[in-house]
Amino acid sequence: MPKRLIIFKTESLSSPGWEDRLLSHTGALTSILAEHYDYSDKPLPKIGDRLRNFAQFKESTDPQFPATSTHVRWGDRFYS
């Protein structure tokens with residue numbers, strides 16, 4: 001099965017949420033919203049598809065896997 005890298009980008013650096021796209025090590029602004037590796041045969045995302053948000057809540061963390069996400073939801077940001 002082929003591996004694909006899907007990069008979600010915004011059309012404009014001044015799009016809503018720009019404050020969250022500042023790179024901490026340089027202070028530069030990026031147009032990249034998210035990057036995902038995909039190993040499936042699903043079709044590529046379309047404009048308007050929502051990005052998924054992953055979170056980790058300490059009280060839900062499995063001690064055997066301390067770095068894993070504990071919750072996921074469809075985000076407010078759209079692929080554009």
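This one's a predicted model, so the numbers in the text were calculated from it and none came from an experiment.
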Distance check, rounded to the nearest 0.5 Å: Thr30 atom OG1 versus Leu13 atom CG? 7.5 Å

Taking Arg4 for the side chain and Asp38 for the main chain, is one N or O donor matched with an acceptor at less than 3.5 Å? no

Out of curiosity, does Ile32 fall in the hydrophobic cluster containing Leu23 (side-chain heavy atoms, cut-off under 4.5 Å, transitive links)? no

Identify the two heavy atoms, one from Glu35 and one from Ile7, that lie closest to each other, and give their separation to 0.1 Å. CG-CG1, 4.2 Å

